[in-house]
Peer 1: 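Dumping the structure here so I can ask a few things about it.
The chains referred to below are lettered A, B, ... by the order of the sequence lines, with proteins before strands, and numbering in each begins at 1.
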Protein chains: 2
Amino acid sequence: MTNSAPKRPNINTTPIDIQDYFKVAISVDCVIFGFDDNALKVLLIKCNLKEYEGSWSLLGDLVRPDEDLETASYRVLKERTGLDDLYLEQVQTFGGLNRHPAGRVVTIAYYSLVNIKHHQLKLSDNEVHWHPLNDITRLAFDHKKILDLCYLQLQKNIQEKPLVFNLLGNKFSLRELQHLYEAILGTKLDRRNFRKKISTTGLLIDTNEIESDVPHRPGKLYKFNYQKYQKQLQRANGSKPQG
Amino acid sequence: MTNSAPKRPNINTTPIDIQDYFKVAISVDCVIFGFDDNALKVLLIKCNLKEYEGSWSLLGDLVRPDEDLETASYRVLKERTGLDDLYLEQVQTFGGLNRHPAGRVVTIAYYSLVNIKHHQLKLSDNEVHWHPLNDITRLAFDHKKILDLCYLQLQKNIQEKPLVFNLLGNKFSLRELQHLYEAILGTKLDRRNFRKKISTTGLLIDTNEIESDVPHRPGKLYKFNYQKYQKQLQRANGSKPQG
DNA sequence: GCAAAAGTGTTCACATTACACCCATGG
DNA sequence: CCATGGGTGTAATGTGAACACTTTTGC
């Protein structure tokens, strides 16, 4: 913000009533990624605006007058997935003039990663469905653009921050984890190199359990070491360059 | 966004008139970095709100009703520096409830890099000044938080994208460039490794000129190879993982 | 000739890549 | 016994970090 109108008339050369500025609505849109059947999926809802009848859209809502952006995005996440202990990352803000038929709506995009199996029963609203990312070609509003950017952001982040564990169950095999990485990155990975890389992070805890019900030799099951991850994060931030 | 109120009453459990949502203002705030005297600087303006009298703030303005976010941010940049051929990067959006005394103002933060010498004469508004980044301890509103985040973003970006050349003159020596990197990263760099690294990018053009008026052996002067950089960008984006 | 910075290569540690075989399980 | 994936190591290559001496110029 905002050294706006009063004492600096040179900035706003065309005089506009200050009240004309306060006619925007803010929304949040959440790109909620899930992982199932070795495919990345996104939670979408049937759009209820006649302009986009039959289209799907991201999960979003207007930000309430008494609500800050984070509160709103976590509210949407909670309302749609029942989950409230997840990480939401702000990605970008979209403010095109005609992106919403109801008026000027500026939207802030967030993404989150959820375990499909953990909350699928809470999807009470049957207009909400998981869609394979690769099948999504069109969405309402500018939501396809938002989705693409959030996916790109996810691809970037996975290299630095192994937060993708949220997409898997509490316990998982290295195969599941590798398939997840492959789905996100859109590439095949070398099994031995992948396991070495993961193992050097030291972020996996061997549960001493193995898979069952797999039609092949069962793999070991691991848990994510959240504590150790938190400590690593703190160390990393503590040793940042000055500033 | 925005599957807002009408047909999905379960989302908004407390009924709020749709018009209550359209009472927000949007602003852009630009963190304009410059480089001079081997120090990173930021362009600040004296805040003209009585609530923050005497404080400095970032350069920002309300987004006009008929203006999208990019247009607004480039307008602010142009108005304050006279420059219109620069790169502006959106960093994050800040929407805290009480961040602005005039009402709910959600601001989108951008940063840009400008050459101080190239535009200093155009700073007609004498309430606008360059401030060494390291001297800035307080700003109006939440602008210190915004500044810190933009600086962090700049530090991240410099590793991947050598856009910082905008901070230097058309021709520059490797010493100037290294000092710039050191100022941004807040660290000392090894001269030989730095020159090797820069030289392998192939993005410098030897102008066959040398410095003058330096009290030591003059260094070669280089130009940034924008064309080659653009091509590298395109190649990099073309070979992205599928999506 | 002195101060100050330009210019220049090698070595080492570490990370990334490519690559192949035997093992355990379910069917 | 067959199919499927589990589990494992090594060599080659590339990348980042550390490090010292000679050269050129202004003063």
Side-chain angles (χ1 to χ4, degrees), chain A residues 35 37-39 155-156 158-162 168-169 171-223 232 235-236 239-241, chain B residues 37-38 155-156 158-162 168-169 171-223 232 236 239 241:
Chain A
F35 183 65
D37 290 327
N38 286 343
Q155 288 185 319
K156 274 187 199 165
I158 193 182
Q159 311 284 4
E160 313 171 346
K161 305 195 173 181
L168 297 173
K171 300 167 185 174
F172 49 86
S173 68
L174 292 177
R175 171 176 36 81
E176 293 177 282
L177 185 59
Q178 182 175 346
H179 283 158
L180 171 58
Y181 270 75
E182 290 176 342
I184 292 177
L185 295 174
T187 59
K188 286 284 172 196
L189 300 174
D190 179 89
R191 185 155 44 102
R192 276 174 292 188
N193 292 338
F194 178 77
R195 292 160 103 96
K196 199 190 314 168
K197 179 82 176 282
I198 294 291
S199 121
T200 58
T201 67
L203 291 175
L204 290 197
I205 301 170
D206 188 340
T207 65
N208 292 315
E209 297 173 60
I210 57 170
E211 294 178 291
S212 51
D213 300 321
V214 287
H216 54 75
R217 172 177 174 180
K220 286 184 174 184
L221 292 175
Y222 295 86
K223 289 193 298 186
Q232 287 185 5
R235 259 202 304 279
S239 65
K240 275 275 169 60
Chain B
D37 290 329
N38 286 343
Q155 289 186 318
K156 276 187 198 165
I158 194 181
Q159 311 285 2
E160 314 170 347
K161 307 193 173 185
L168 297 172
K171 300 168 185 173
F172 48 85
S173 67
L174 292 177
R175 170 176 37 83
E176 293 176 283
L177 185 60
Q178 180 174 348
H179 283 157
L180 171 57
Y181 270 74
E182 290 176 342
I184 292 178
L185 296 173
T187 59
K188 284 285 173 195
L189 299 174
D190 179 89
R191 186 156 44 103
R192 274 173 293 188
N193 292 336
F194 177 76
R195 292 162 103 97
K196 201 189 314 169
K197 179 85 173 282
I198 294 292
S199 124
T200 59
T201 67
L203 291 175
L204 291 197
I205 300 170
D206 188 340
T207 65
N208 293 315
E209 298 173 60
I210 57 170
E211 296 177 291
S212 51
D213 298 321
V214 288
H216 54 76
R217 173 177 174 178
K220 288 183 172 184
L221 291 176
Y222 296 86
K223 288 194 298 185
Q232 285 185 7
S239 65

Peer 1: OH of Tyr222(B) versus P of dA6(C): gap in Å, rounded?
Peer 2: 11 Å
Peer 1: Round to a whole Å and report the spacing from NZ of Lys197(B) to P of dG7(C).
Peer 2: 20 Å
Peer 1: Between Gly219(A) and Arg191(B), just flag the one whose closest nucleotide in DNA chain D comes earlier from the 5' side.
Peer 2: Gly219(A)
Peer 1: Of all the choices, dT8(C), dA20(C), dA18(C), which nucleotide is nearest to the side chain of Asn193(A) once you look at every atom?
Peer 2: dA18(C)
Peer 1: What is the distance from CG of Leu174(B) to C1' of dG7(C), rounded to the nearest Å?
Peer 2: 10 Å
Peer 1: I'd like the 5' and 3' limits of the part of DNA chain D contacted by chain B, with heavy-atom contacts below 4.0 Å.
Peer 2: dA17(D) to dG26(D)
Peer 1: Measure the distance from CD on Glu211(A) to C1' on dG26(C) and round it to the nearest whole Å.
Peer 2: 13 Å
Peer 1: Taking it one step at a time, do Phe194(A) and Leu177(A) satisfy side-chain contact (heavy atoms from CB on, under 4.5 Å)?
Peer 2: CA-CA 10 Å; Phe194(A) 178 77; Leu177(A) 185 59; 3.8 Å; yes
Peer 1: I want to confirm an ordering. Mapping Arg195(B) and Pro218(A) to their closest nucleotides on DNA chain C, which one lands closer to the 5' end?
Peer 2: Arg195(B)
Peer 1: Please report, rounded to the nearest Å, how far the C1' atom of dA6(C) is from the CZ atom of Phe194(B).
Peer 2: 14 Å
Peer 1: Mind calculating the distance between CD1 (Ile198(B)) and P (dA6(C)) to the nearest angstrom?
Peer 2: 14 Å
Peer 1: Please tell me if Arg217(B) has a side-chain N or O lying less than 4.0 Å from either OP1 or OP2 of dG7(C).
Peer 2: no
